Amino acid sequence: MRSKVTVVGAGNVGATTALRIQSLGYADVVMVDVVEDLPQGKSLDMLEAGPVVGSDVQITGSNDYAESADSDLVIITAGIARRPGMSRDDLLLTNMRITSSVTQEVVKYSPNCIIIAVTNPLDAMVQNVYETSGFPRNRVFGMAGILDTARYRTFIAQELKVSVEDIQALVLGGHGDDMVPLVRYTSVGGIPVTELMAEEKIDQIVQRTRNGGGEIVALLKEGSAYYAPSAAITQMVEAVLLDKHRILPCCTYLEGEFGINGLCVGVPVKLGASGIEQIMQIALTDDENKALQSSAASVQELVDVMREAKASGS
Ligand code: APR
């Protein structure tokens with residue numbers, strides 16, 4: 001029997017992700033959204049592409065979570081997206097309320113699923129979904145590191161005029177302006193990037209990576225990135241459904257790893273059928289560690305704001 005994946009939020013990120021999963025034929029897909037008829041219309045349109053792309057996957061849309069029952073994997077993209085001039089943090093309390101209510105429904109209908117959270121501000125939303133779900137930490141994690149790494153790899157490949165496939169890289173920390181691209185772990189066909197590019201150029205690329213989401217928002221004017229984000233989500237879906245044991249940067253709840261306790265932050269993990277199978281602890285230099293701790297502190301600030309809002313009932 002095919003696996004079942006539910007995508008909550010049939011907007012740009014959710015619908016593009018659903019389409020990618022359908023095209024690959026990995027799972028039957030259910031799209032759920034609050035907007036009446038939107039997930040139904042988009043899913044029917046995708047279903048009708050099946051004969052052309054050769055996919056027998058069933059894809060349905062609903063405004064009711066009953067349709068999502070017994071999903072193996074649920075991807076939460078519901079929420080509002082950024083507009084020019086907004087930071088991811090400006091979305092915090094609105095998206096906190098949305099992801100809380102979505103998570104309650106998801107848990108009710110799919111108590112054994114794995115949840116991938118995508119809504120921004122990413123790390124704070126993963127924390128909210130994780131805490132609301134009551135699931136073990138291996139079953140709730142977030143997509144950001146693969147996207148940030150993909151942006152970083154794209155810029156390096158363009159600069160060196162080499163294949164994107166030959167760039168290996170790692171980005172740690174929160175999905176914010178203080179994310180931590182690890183230059184020391186960046187290589188091009190096995191050659192350290194520092195051998196191939198001047199420090200100044202690498203610094204420019206690191207900075208462009210940090211602003212990668214903002215660069216797209218400024219160009220789109222309405223909404224934020226979704227082609228690269230949905231590709232990154234699909235890579236995580238593939239790692240889980242095909243039990244690939246991939247080593248990928250994901251946002252996960254840390255319990256002392258990297259000196260961070262009780263907070264969701266991006267780190268390298270091993271991803272397979274049970275979700276996060278292992279957190280890959282690596283030794284960091286003092287500077288790298290300082291940057292990671294500072295990024296974690298930014299996430300903690302948002303988590304504290306969410307806690308205060310919940311405590312005051314706002
Ligand atoms: N339940 C289900 N769906 C909801 C809810 C809810 N409570 N609230 C909003 N939605 C839906 C909207 O109706 C919309 O269709 O979520 C969808 C969001 O889609 P877009 O506005 O197109 O936003 P998108 O670009 O997909 O981004 C979604 O992912 O990358 C992040 O920052 C981004 O937080 C944003 C999220």
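If you're wondering where the values come from, they're calculated on a predicted model, not measured in any experiment.
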S.K.: Are side-chain heavy atoms of Glu159 and Leu196 found at a separation under 4.5 Å?
M.R.: no

S.K.: Do any N or O atoms from the side chain of Thr132 and from the backbone of Val129 form a donor-acceptor pair under 3.5 angstrom?
M.R.: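 Not a single qualifying donor-acceptor pair exists.
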
S.K.: Please check if the side chain of Gln22 supplies one atom and the backbone of Met46 the other of a donor-acceptor pair under 3.5 Å.
M.R.: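 Between the backbone of Met46 and the side chain of Gln22 there is a qualifying donor-acceptor contact (under 3.5 Å).
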
S.K.: Do Ile59 and Val13 belong to the same hydrophobic cluster, where Ile, Leu, Val, Met, Phe, Trp and Tyr are linked whenever their side-chain heavy atoms lie under 4.5 Å apart, directly or via other members?
M.R.: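 Same cluster: Ile59 reaches Val13 through Ile, Leu, Val, Met, Phe, Trp or Tyr contacts under 4.5 Å.
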
S.K.: So, taking the atom named CG in Leu302 and the one named CG in Leu92, what distance separates them when rounded to the nearest 0.5 Å?
M.R.: 5.5 Å

S.K.: Are the side chains of Met96 and Val305 in contact, using a 4.5 Å heavy-atom criterion?
M.R.: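 Of all side-chain heavy-atom pairs linking Met96 with Val305, none is under 4.5 Å.
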
S.K.: Give a yes or no on whether the backbone of Thr194 and the side-chain of Glu199 come within a donor-acceptor separation of less than 3.5 Å.
M.R.: no

S.K.: Check whether Asp28 reaches the backbone of Val57 with its side chain - one donor and one acceptor, N or O, closer than 3.5 Å.
M.R.: no

S.K.: Quick one: does Glu195's side chain have a donor or acceptor within less than 3.5 Å of a partner on Pro192's backbone?
M.R.: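 No.
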
S.K.: Calculate, to the nearest 0.5 Å, the distance between atoms CG and CZ belonging to Asn112 and Phe135 respectively.
M.R.: 7.0 Å

S.K.: Using the rule that two of Ile, Leu, Val, Met, Phe, Trp, Tyr join whenever any of their side-chain heavy atoms come within less than 4.5 Å, decide whether Leu172 and Tyr253 are in one cluster.
M.R.: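 No, no single cluster joins them.
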
S.K.: I need the Arg88 CZ to Met86 CE distance, nearest 0.5 Å.
M.R.: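 Going from CZ on Arg88 over to CE on Met86, the span is 12.0 Å.
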
S.K.: Give the C-alpha distance, both sets of side-chain angles, the deciding distance and a yes or no for side-chain hydrogen bond (donor to acceptor under 3.5 Å, both in side chains) between Gln207 and Asp203.
M.R.: CA-CA 6 Å; Gln207 200 40 45; Asp203 288 347; over 6 Å; no

S.K.: If you measure only the distance, is there a donor-acceptor pair under 3.5 Å linking the side chains of Thr119 and Asn95?
M.R.: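 Side-chain D/A pair, Thr119 to Asn95: absent.
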
S.K.: Pro181 versus Arg210: any side-chain heavy-atom pair under 4.5 Å?
M.R.: yes

S.K.: May I ask you to say whether Arg307 pairs ionically with Glu131, meaning some side-chain N is under 4.0 Å from a carboxylate O?
M.R.: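 Between Glu131 and Arg307 there is a salt bridge, with a charged N closer than 4.0 Å to a carboxylate O.
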
S.K.: Rounded to the nearest 0.5 Å, what separation is found between the CD1 atom of Ile233 and the CD1 atom of Ile21?
M.R.: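 The CD1 atom of Ile233 sits 8.0 Å away from the CD1 atom of Ile21.
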
S.K.: Using modelled atom types and a 3.5 Å cut-off, is there a donor and acceptor pairing between side-chain atoms of Arg139 and backbone atoms of Ile115?
M.R.: no

S.K.: Check whether the side chains of Asp148 and Thr209 place a donor and an acceptor atom closer than 3.5 Å, and report yes or no.
M.R.: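 No, Thr209 and Asp148 have no side-chain donor paired with an acceptor closer than 3.5 Å.
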
S.K.: Can you tell me if Ser55 uses its side chain to pair, donor with acceptor, with the backbone of Gly25 under 3.5 Å?
M.R.: no

S.K.: Drop me the distance from Asp123's CG to His175's NE2, to the nearest 0.5 angstrom.
M.R.: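 Here the rounded value is 8.0 Å.
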
S.K.: Can you tell if the side chain of Tyr26 reaches within under 4.5 Å of the side chain of Leu242, non-hydrogen atoms only?
M.R.: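 They are in side-chain contact.
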
S.K.: Is the backbone of Val102 close enough, under 3.5 Å, to the side chain of Gln104 for a donor and an acceptor to pair up by distance?
M.R.: no

S.K.: Applying side-chain contact (heavy atoms from CB on, under 4.5 Å), name anything that partners Ser71, two or more places apart in sequence or on another chain.
M.R.: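 side-chain contact (heavy atoms from CB on, under 4.5 Å) check on Ser71 returns Lys4, Thr6, Ser68, Val74, Ser110.
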
S.K.: Are any side-chain N or O atoms of Asn63 and backbone N or O atoms of Val35, one a donor and one an acceptor, separated by less than 3.5 Å?
M.R.: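 Pair found, side chain donor or acceptor close to backbone of Val35.
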
S.K.: Excluding sequence neighbours, so at least two apart, what forms ring pair (Phe, Tyr, Trp, His ring centres under 6.0 Å) with Phe141?
M.R.: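 Scan of Phe141 (ring pair (Phe, Tyr, Trp, His ring centres under 6.0 Å), adjacent residues dropped) gives none.
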
S.K.: Using a cut-off of 6.0 Å, state whether more than 12 heavy atoms not belonging to Gln168 lie near its atom CD.
M.R.: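 Counting neighbours around CD of Gln168, 12 or fewer heavy atoms of other residues, nucleotides or ligands fall under 6.0 Å, so no.
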
S.K.: Should the heavy atoms of other residues, nucleotides or ligands under 6.0 Å from CG of Asp90 be counted, would the total exceed 12?
M.R.: yes

S.K.: Just do the side-chain contact (heavy atoms from CB on, under 4.5 Å) check on Ile75 and Val8 with the steps written out, would you?
M.R.: CA-CA 6 Å; Ile75 301 157; Val8 185; over 6 Å; no

S.K.: With rounding to the nearest 0.5 Å, note down the distance linking CD1 in Ile146 to CG in Leu248.
M.R.: 4.5 Å

S.K.: Determine the minimum heavy-atom distance between Pro249 and Val171, stating which atoms define it.
M.R.: CB-O, 3.7 Å

S.K.: Hey, any chance Leu19 and Tyr227 share a hydrophobic cluster, counting ILVMFWY side chains that come within less than 4.5 Å of each other, even indirectly?
M.R.: yes

S.K.: So, the side chain of Asn138 versus the backbone of Ser274: is there a donor-acceptor pair under 3.5 Å, distance only?
M.R.: yes

S.K.: Are Gln300 and Asp304 close enough that a side-chain donor and a side-chain acceptor fall under 3.5 Å?
M.R.: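 Yes, a side-chain donor-acceptor pair sits under 3.5 Å.
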
S.K.: Quick one: do the Lys201 and Gln204 side chains pair a donor with an acceptor below 3.5 Å?
M.R.: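 Judged by distance alone, the side chains do pair up.
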
S.K.: Consider only side-chain heavy atoms of I, L, V, M, F, W and Y, link residues closer than 4.5 Å, and tell whether Val32 and Tyr226 are in one cluster.
M.R.: no

S.K.: If you group Ile, Leu, Val, Met, Phe, Trp and Tyr by side-chain heavy-atom gaps below 4.5 Å, do Val267 and Ile116 land in one group?
M.R.: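 Looking at the clustering, Ile116 is in the same group as Val267.
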
S.K.: Kindly indicate whether the side chain of Val140, heavy atoms from C-beta on, has any atom under 4.5 Å from the side chain of Thr103.
M.R.: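 A side-chain contact is absent here, since even the closest heavy-atom pair is not under 4.5 Å.
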
